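Below: the structure, in structure tokens.
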Amino acid sequence: MSRVRVRFAPSPTGFFHIGSARTALFNWLYARHTGGVFVLRIEDTDKERNSEEYLNLIYDSLTWLGMGWDEGPKVGGNYGPYRQSERAAIYTQYLEKLKAAGRTYEKDGAIYFKLEGERYEVYDEHRKKTVTKVKVAPTVIEDQIRGRVERMEDEDFVIVRSDGNPVFHFVNVVDDIAMEITHVIRGEDHLSNASKHVELFKAFGAPVPAYAHIPLILKQNGPGKMSKRDQGALIEEYQRRGYLPEALVNFLCLLGWNPGGDREKMPIEDVIRLFDLPQVNQSNARFDDKKLAHMNMAYLLEVPADRFVAIARAHLERQGASAALAADPAYFREVMLLSQPKIKGLEELPAYTAYFFSEDYPVDAKVRDKVMAKGEPAARLRELVAALPTFDFSSDTAIEEAIKALAAKQGLGFGDYQPIARLAVSGTNVGPSITGLFRVLGRERVLARLQRCLGAL
RNA sequence: GUCCCCAUCGUCUAGCCCGGUUAGGACACUACCCUUUCACGGUAAGAACCGGGGUUCGAAUCCCCGUGGGGACGCCA
């Protein structure tokens, strides 16, 4: 059996979205699973809508998600060029084959693909005009996911526009033949195009590739498939929001595929080992950003310290958190490691850590009122200020012991000091443990903040 | 309008192919536990086989019809 060759064939006409990423992913997984070749082909035949910016976004997004391509732009290969805009000569050559076989004709300056059969006219309700149809037998599509699908392809269609540019159906099939693509894995929206493509393959006398039409991703709210305009549709957005690519990939794997049983979070190596086309679901899946966020959190929790500090810094750079970036690296690291187990996503980081990097941090009025309403916070604050110079700041447990000792002297508990101390040093009631907070902020800063809070009472 | 695809908790899904399960898991939601806050974590609860026929001793599972959802019907890709 010959080596599997799959391709991801996006057109650079818009932002790279989640549906495209999933199609790319399933192709990539199948290539890796079978030891095949993953080809990236750029379908840029629509000169009006293409842009270099979108092209680069495709490269960047695939790279970010960890889907390297074996052949394609930038890496080359034996079947290039890999941009359709550079393959005109090949299309001319294949068009000649079709012409020689008597399978084309010209009308209104465009070249049509001619189906074989008797012609007749019929009024089309949808298009509100009379069209010419051809009496044909149904085209059979053998789909790896859906099984045998029959579709009537009974109208000639344009393969070269009147401006001389070839059309998607034509170039797509020509390239799949020329690049010896063995499996076509794409969205179900192409299932109705597949009959056109099968007829073209047959007209060229080329073997028809194995098809696998994967289910679509439906938008989270409202009807229809997810489109570029929908909330959460753009890969770029997740990159900007500091999502971990491996979490997004894991989530995407599970949208329309699963290894059977209960496994969800799993390393990509395991997915590659278990992935196969027949296990892909047949029904569309609705996008769920909560589940994605949860997956991201689960991955974030496991990121090794050094990498976490690095991605946290990168994220804060994106957010322009200058105070944090200007801080001492060792201090920055301590703050990030204190935050890692507590946050749900990198997005929370700027607000979550703001008070570590500035004395001018917001104080939550509701929290303040709540804290001040209970017990004798002012007295506790005074005791803390008085005792703080004697505290051992060398570790969280040392600080904990010190606070407990102070509390015991008053016949109180740790919990009587915690809320007011937290409010004083952070202005809020959420965050890392108060002992960690003290240790990382340091005695001087904690003392200053406690005193300032006391003065404001 | 025509054609094609699909149908299990609110959502993602296991189970279906090869009929017999207390129909399992995850996210979300609720309660409790853990706890120095907030999270994490743990436990528990609620929550589904779209409807109708058929085949069968027995149907989520096989067949048909309805309904619902999705897609396609471009000189876009």
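So that the names make sense, note that chain A is the first sequence line, chain B the second, and so on, each numbered from 1. Just so it is clear, the model here is predicted, and its values are computed rather than measured. Basis for what follows: all heavy atoms, side chains included, without hydrogens, waters or symmetry-related copies.
Residue contacts for A/N172: at a heavy-atom cut-off of 4.0 Å it reaches no nucleic acid atom on any strand shown. Within the 4.0 angstrom heavy-atom criterion, only backbone atoms of the sugar-phosphate kind lie near A/D189; the bases stay farther away. Among the heavy atoms of the strands lying under 4.0 Å from A/T45 are primed sugar atoms or P, OP1, OP2 only; no base atom is included. Residue A/E43 is in sugar-phosphate contact alone, with no base atom involved, counting any heavy-atom pair closer than 4.0 Å across all strands shown. Counting non-hydrogen atoms under 4.0 angstrom, A/H169 reaches a base of the nucleic acid. Here A/R263 lies out of heavy-atom contact (under 4.0 Å) with every strand. Contacts of A/G187 with the nucleic acid, taken as non-hydrogen atoms under 4.0 Å apart, are absent. Residue A/L216 is classed as a sugar-phosphate contact, given heavy-atom separations below 4.0 Å to backbone atoms only. At the heavy-atom level, A/I403 lies nowhere under 4.0 Å from the strands shown. Looking at heavy-atom distances under 4.0 Å, A/K342 makes contact with a base. Among the protein residues, A/S11 comes within range of the sugar-phosphate backbone only, with heavy atoms under 4.0 Å from sugar or phosphate atoms but none that close to a base. Residue A/E150 is classed as a sugar-phosphate contact, given heavy-atom separations below 4.0 Å to backbone atoms only. Contact annotation for A/P432: base contact, defined as any heavy-atom pair under 4.0 Å involving a base atom. Using a 4.0 Å heavy-atom distance criterion, A/G413 is classed as making no nucleic acid contact.
In this structure, A/H197 has its ring center closer than 6.0 angstrom to the ring center of A/F168. The six-membered or imidazole ring of A/Y112 lies away from that of A/F157, with a centre-to-centre distance of 6.0 Å or more. When ring centroids are compared, A/F113 and A/F170 stay outside the 6.0 Å threshold. When ring centroids are compared, A/W257 and A/F275 come within the 6.0 Å threshold.
Checking the phosphate oxygens (OP1, OP2) of B/A14, a side-chain nitrogen or oxygen of A/N281 falls inside 4.0 Å. Put simply, A/Q282 has a side-chain N or O that comes within less than 4.0 Å of OP1 or OP2 on B/C6. One finds a side-chain N or O of A/K344 lying less than 4.0 angstrom from the OP1 or OP2 phosphate oxygen of B/C40. When the side-chain nitrogen and oxygen atoms of A/N284 are compared with OP1 and OP2 of B/G69, none of them lie within a distance under 4.0 Å. Distances shown here put a side-chain N or O of A/K225 below 4.0 Å from the OP1 or OP2 atom of B/A72. For B/G69, neither phosphate oxygen OP1 nor OP2 lies less than 4.0 angstrom from any side-chain nitrogen or oxygen of A/S283. Phosphate contact (OP1/OP2 of B/U13, side-chain N/O of A/R286, threshold under 4.0 Å): absent. Between A/H294 and the phosphate of B/C27, there is a side-chain N or O to OP1/OP2 separation shorter than 4.0 Å.
Nearer the 5' end of RNA chain B, as judged by each residue's closest nucleotide, is the contact made by A/D262, out of A/D262 and A/G415. Nearest-nucleotide assignment on RNA chain B puts the 5′-proximal partner with A/E188, out of A/E188 and A/K404.
Only the P atoms considered, B/C29 is 16 Å distant from B/G10, to the nearest whole Å. For the P atom pair drawn from B/C9 and B/U61, the interatomic distance equals 14 Å after rounding to whole Å. Of the P atoms belonging to B/U43 and B/G25, the separation is 11 Å, rounded to the nearest Å. The same atom, P, is picked in B/U11 and in B/C50; the two are 12 Å apart, to the nearest Å. Straight-line distance between the C1' atoms of B/G24 and B/G71: roughly 32 Å, to the nearest whole Å. Taking atom P on both B/G42 and B/C27, the two are 9 Å apart, rounded to the nearest angstrom. Across the C1' atoms, B/C62 and B/U56 are found 10 Å apart, a figure rounded to whole Å. For the P atoms, the distance linking B/U13 with B/C18 amounts to 24 Å, nearest Å.
Under the side chain to side chain contact (heavy atoms under 4.5 Å, CB included) test applied with A/F438, the options A/I434, A/L441, A/V440, A/T435 reduce to a single match, A/I434.
Closest to the A/S433 side chain, of the nucleotides B/U36, B/C3, B/C73, is B/U36. Comparing atom distances between the A/V158 side chain and each of B/C3, B/U11, B/C75 picks out B/C75 as nearest. Of the candidates B/C12, B/A77, B/G71, the closest approach to any side-chain atom of A/L255 belongs to B/C12. For A/S162, whose side chain is taken as the heavy atoms from C-beta onward, the closest listed nucleotide among B/C12, B/G25, B/C75 is B/C75.
Partner assigned to B/A72 is B/U2, using Watson-Crick or G-U wobble distances below 3.5 angstrom. Base pairing of B/A39 is not made with any nucleotide, judged by Watson-Crick or G-U wobble geometry with both donor-acceptor distances under 3.5 Å. Nucleotide B/A59 has no partner under the Watson-Crick or G-U criteria, as no pair reaches both atom distances under 3.5 Å.
Nucleotide B/C40 carries a syn base; the chi torsion (O4'-C1'-N9-C4 or O4'-C1'-N1-C2) is within 90° of 0.
A/H183 and A/R5 share no donor-acceptor pair across their side chains, judged by distance under 3.5 Å alone.
Looking at every heavy atom in both residues, A/E347 comes nearest to A/H315 through CA-NE2, 3.7 Å.
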Stepwise side chain to side chain donor-acceptor pair (under 3.5 Å) test for A/N281 and A/S283: CA-CA 6 Å; A/N281 292 153; A/S283 50; 5.5 Å; no

